[in-house]
Amino acid sequence: MLSCINDNATRQRWVNMSRYNHREVEPKWRGRWAAANIDRALAPEEARGKPKAYILEMFPYPSGRIHVGHSRNYTMGDVIARFRRANGYNVLHPMGWDAFGLPAENAAMERGIHPKGWTYDNIAAMREQLKLLGLAIDWSREFATCDASYYKHQQAMFLAFWRKGLVYRKKQKVNWDPVDNTVLANEQVVDGKGWRSGAPVETRELEQWMFKVTAYADDLLAAIGGLDKWPDKVRLMQSNWIGKSQGAKIWWDIASVPEELRAMSPATGQSHARDPIEVFTTRPDTLFGASFLALAPDHPLTKTIAGFRPDVAKFIADCATLGTSEADIEKAEKVGIDLGIRVKHPFDPTWELPVWAANFVLSTYGSGAIFGSPAGDQRDLDFANKYKLPFKPVVLPHGADAATHAITDEAFTGEGVIYNSHFLDGLSTKDAIARAIDELVKREAGEATTQWRLRDWGVSRQRYWGCPIPAIHCAKCGVVPVPEKDLPIQLPEDVTFERDKPGNPLDRHPTWKHTKCPTCGGAATRETDTLDTFVDSSWYFARFTDAQNETAPFDKKLASYWLPVDQYVGGVEHAVLHLLYARFFTRAMRDCGYLDLPSGEPFASLFTQGMVVHETYRATRQVLKPPSVHQDQRGKWVIRGTTVEVTPSTPAAWGGDPADVDRAQRDAFKEFKLPPTWLTPDQVDSSSRPPVIMGTDIPVSVGPIEKMSKSKKNVVDLDAFVTDFGADVARWFVLSDSPPERDVEWTASGVKGAWNFVQRVWSLTEDHVEKFGKQGGSASPPAAVGAAHALRQLTHRTI
RNA sequence: GCCCCAGUGGCGGAAUCGGUAGACGCAGCAGACUCAAAAUCUGCCGUUCGCAAGGACGUGCCCGUUCGAGUCGGGCCUGGGGCACCA
């Protein structure tokens, strides 16, 4: 934008106009930069002493079109990349596409198109839009994760992880839609029902592929301390997610069980009628306040009881309709059922406690069983009160009187002095925990233990549009890896997505899964699960360092030169999962010999940018009459002078389908309904209050200011904006309007400010050139196409 | 429900150690210049009472610590992100 104008005629024209014409300037410089190839990262041996700088923004999912909300992330990375280059760094600033995922299959199902075509079409459109922004990106390294040339390396790495013992198979719960006969993602479960079928969701257990993230739990936690260029909030979220807690395992001996359970137990070996129940607790100091044991609905013992108790079976089924989302499970009303088992208190064998199943106990944490100590835990207290289970307080807050302190509706979760607890009386919370564990060990009723919240990563997806898992199921040899020479296992393209053909298209494909066992040569079937798309994004940053490599995921030397990423920029919504998985994957790649990176940390510095938000607009429901409504070129009924669609009501004289009515009859429509749909900002005139539909006086209701999203239609399309105002206005606005880590609200007044600023900068330079003329060599170095020239422009840009 | 973050004029925000709340900017309004517009320049710009001088209130809410709180402590409220199959 500050670049001098070398072309005299053009300059004269603009000076006369005295106005910055982005429609000429921006394409011109984009073309020059592309021709000079200034954005190409240098190979290490070319760099000759330049320090490296790897700048990366979280790569986009190709959902369709880019709106100005997306542009902030890339603009921030772009500014850093240009600044580093101007400072003499060898900069790697690449771009690619996180291209596998559910939306492509949804589009395929809804519109009868192929996920592959949909995805690559979107990529083509979005690439052109991104280029309009004039980003300093090394496009020679572009790839999409759905390219077989990318995922074949992912398959090879999967096999390497498998050999290293980081891959295993395990039963996992999934959401099952009994009508569509398909596995549902959590977002596809709405109020406990499948989003398409509306049928109550069931949970099923499937044998799934797992990555052993917990093998690195200690290191993933400890290394957070060294990530000093990460935001504190992200480090805290990661620590909490890994969730290391010290506590105790306690084994509760069985006192009595229902007759049916005793009868079905074997005389020797493991038996639910005899084996103690294991629970994990961080508060063994409150053991004397125990009131009950609670098991997860899918605890093995609960399931066994359900075998002869229909009420327990129904309880399990009811819990299953909540789906697998932890948020849904914990928000549900706390309910439980007495399993008819009694256990002995570890410190007093004459004290018997009931064993319940409860919907708030998670089978995925600890042993899937807890002991309830109601006075010290709100959930336990609510549960005890609801089912009239007796309890007593055992922690006396500092300053409280033991004679009068009582717990009714509100638990006391803080620290204090233990009382009502025999040998623990008078101890502090901390001392009582140690003392209780000593006693448990002495009585062989428990032991100290470390518990992690972090679970292993289930990577199996029963979906088509993902990376095929390179495994073969053989009746004789079991599950065997695909030999590396047979990679890639490519997705078949002749698949169908009709709704009435349920399940995974890979699984029902007539030929694809049938193959030979690589071990015995007998008939065998391929694994039809594909990998979680988080796997694709767990190593793409390494692929960018050597994106064209055909024989390996990347050259070890190149990856070791560029990694770690010096500045990673992305949304805080990825603060836990994506970043944690990438940290795991990098360690796994290191330990499988792909990478020379002792720390195993992929991102040295992280920045989480704020969102771009915008007002939302909704049409207010009303009925319109014919003159204000007409049919546009596509045959849709719209409000005259707008693109807002309305629904024709059936004419009074005709009772059939409106689509069948002939022209004359259509003109006879008496009424059109404007439903309360979301409206895009360009359909709304927001200069009047209340805002109205553009070109009409129909009022619009203004909704909350939200993150720009397709579903709320509060998006400003990038193409149209750049055509009207230019990329620099868009870039300047998203950078200047608000601190980068905070949200920025896209407003007309903000755009005007950015526009005025760009104009002012332009006229400043224009005036300068007019008054003082060009300063010969210093303003325009002789080697105008060389790096010096580019560097000078970038310096100007960066100032 | 649990974990994390944010709340200050019309808007973005500033106030670095507890010491004049609203720097700076955007938008807006008024004026100058201009045939006119744009650009530029000047002025006004938290709410409220007042002719004015000046006063009162004011940093999401309540309570506390302090001579003094946007800032420190406790308790809330609202909005946003995440909760392991959206990406």
Side-chain angles (χ1 to χ4, degrees), chain A residues 17-20 58-63 98-106 145 172-175 182-189 195 206 208 213 231-243 323-334 360 362 364-365 378-379 382 453-463 466 529-534 536-537 570-581 608 610-611 613 689 704-707 709 711 733 736-739 741-757 759-760 762-764 766-767:
Chain A
M17 287 169 72
S18 179
R19 204 166 227 241
Y20 170 56
M58 291 179 185
F59 67 161
Y61 179 80
S63 56
D98 188 14
F100 276 135
L102 266 184
E105 292 196 26
N106 291 334
T145 56
Q172 285 276 290
K173 280 191 294 184
V174 295
N175 299 312
T182 186
V183 176
L184 297 174
N186 282 337
E187 73 157 6
Q188 296 174 319
V189 179
W195 67 343
L206 295 180
Q208 304 262 57
V213 179
D232 287 342
K233 63 174 173 182
V234 175
R235 297 202 290 173
L236 192 55
M237 281 190 269
Q238 292 250 328
S239 298
N240 290 344
W241 185 265
I242 295 168
T324 59
S325 147
E326 190 180 313
D328 287 344
I329 291 168
E330 293 213 28
K331 268 189 282 196
E333 194 197 344
K334 316 283 173 282
F360 60 89
L362 301 174
T364 48
Y365 184 73
Q378 193 61 47
R379 275 192 316 201
D382 294 344
R453 214 186 73 93
L454 180 68
R455 307 200 298 257
D456 283 335
W457 176 12
V459 293
S460 281
R461 299 292 181 267
Q462 293 69 44
R463 313 206 183 281
D529 285 356
T530 51
L531 287 172
D532 179 6
T533 57
F534 270 126
D536 311 332
S537 55
V572 72
E573 67 270 24
H574 294 296
V576 175
L577 289 179
H578 162 62
L579 292 171
L580 186 74
Y581 291 148
T608 54
M611 299 176 297
V613 296
R689 289 280 137 168
I705 295 165
E706 291 192 55
K707 177 181 180 176
S709 75
S711 59
F733 180 51
S736 68
D737 195 66
S738 198
E741 68 278 9
R742 297 272 283 265
D743 290 351
V744 51
E745 190 191 347
W746 191 271
T747 58
S749 64
V751 169
K752 179 139 194 322
W755 167 259
N756 286 347
F757 177 80
Q759 300 299 328
R760 209 169 305 147
W762 180 262
S763 31
L764 192 69
E766 285 303 285
D767 290 350

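Only a predicted model underlies this, so the values are computations on that prediction, with no experimental measurement involved. Per chain, numbering begins at 1; letters A, B, ... match sequence-line order.
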Classify the nucleic acid contact of A/Phe534 as base, sugar-phosphate or nothing, counting any heavy atom under 4.0 Å across all strands shown. base
Take atom CZ of A/Arg742 and atom P of B/rA6, then tell me their distance rounded to the nearest Å. 8 Å
Between protein and nucleotides 72-78 of chain B, what N or O pairs are separated by less than 3.5 Å?
none

Sequence neighbours excluded, which residues qualify as side-chain contact (heavy atoms from CB on, under 4.5 Å) partners of A/Arg463? A/Leu102, A/Glu105, A/Ala185, A/Gln188, A/Arg461, A/Thr530
With sequence neighbours excluded, tell me which residues meet side-chain hydrogen bond (donor to acceptor under 3.5 Å, both in side chains) with A/Thr324. A/Asn175, A/Asn186
A/Ile329 CD1 to B/rG82 P, straight-line distance once rounded to whole Å: 18 Å
Taking any strand in view, what nucleotide pairs with B/rG64 in a Watson-Crick or G-U wobble way, both distances under 3.5 Å? B/rC72
Can you say whether the rings of A/His574 and A/Phe534 are parallel (under 30°), tilted (30 to 60°) or perpendicular (over 60°)? perpendicular
Nearest-angstrom distance from the residue atom CZ of A/Phe733 to C1' of B/rG25: 13 Å
At a cut-off of 3.5 Å, list every protein nitrogen or oxygen paired with a nitrogen or oxygen from nucleotides 3-5 of chain B, distance to 0.1 Å.
{"residue": "B/rC3", "atom": "O3'", "partner": "A/Asn240", "partner atom": "ND2", "Å": "3.0"}
{"residue": "B/rC3", "atom": "O2'", "partner": "A/Asn240", "partner atom": "ND2", "Å": "2.7"}

Return the value, rounded to whole Å, for the distance between atom CD of A/Gln208 and atom P of B/rA84. 14 Å
A/Leu579 CG to B/rA87 P, in whole Å, measures 16 Å
List in chain and number order the residues that pass side-chain hydrogen bond (donor to acceptor under 3.5 Å, both in side chains) with A/Arg453, two or more places apart in sequence or in another chain; answer none if no residue qualifies. none
Using a 4.0 Å heavy-atom cut-off, does A/His574 contact any base of the nucleic acid, only the sugar-phosphate backbone, or nothing at all? base
For A/Ala575, which contact category applies under a 4.0 Å heavy-atom criterion: base, sugar-phosphate, or nothing? nothing
Considering only the P atoms, how many Å lie between B/rC4 and B/rG19, rounded to the nearest integer? 28 Å
Heavy-atom nearest pair, A/Ser460 first then A/Gln462, reads CB-NE2, 4.1 Å
Using a 4.0 Å heavy-atom cut-off across all strands, classify A/Val174 as base, sugar-phosphate, or nothing. base
So, with a heavy-atom separation below 4.0 Å from RNA chain B, the residues of residues 453-462 of chain A are A/Arg453, A/Leu454, A/Arg455, A/Gly458, A/Ser460, A/Arg461, A/Gln462
Just N and O in the side chain of A/Asn186: are any of them under 4.0 Å from OP1 or OP2 of B/rC86? no
To the nearest 0.5 Å, how far apart are CZ in A/Phe59 and CG in A/Asp536? 7.0 Å
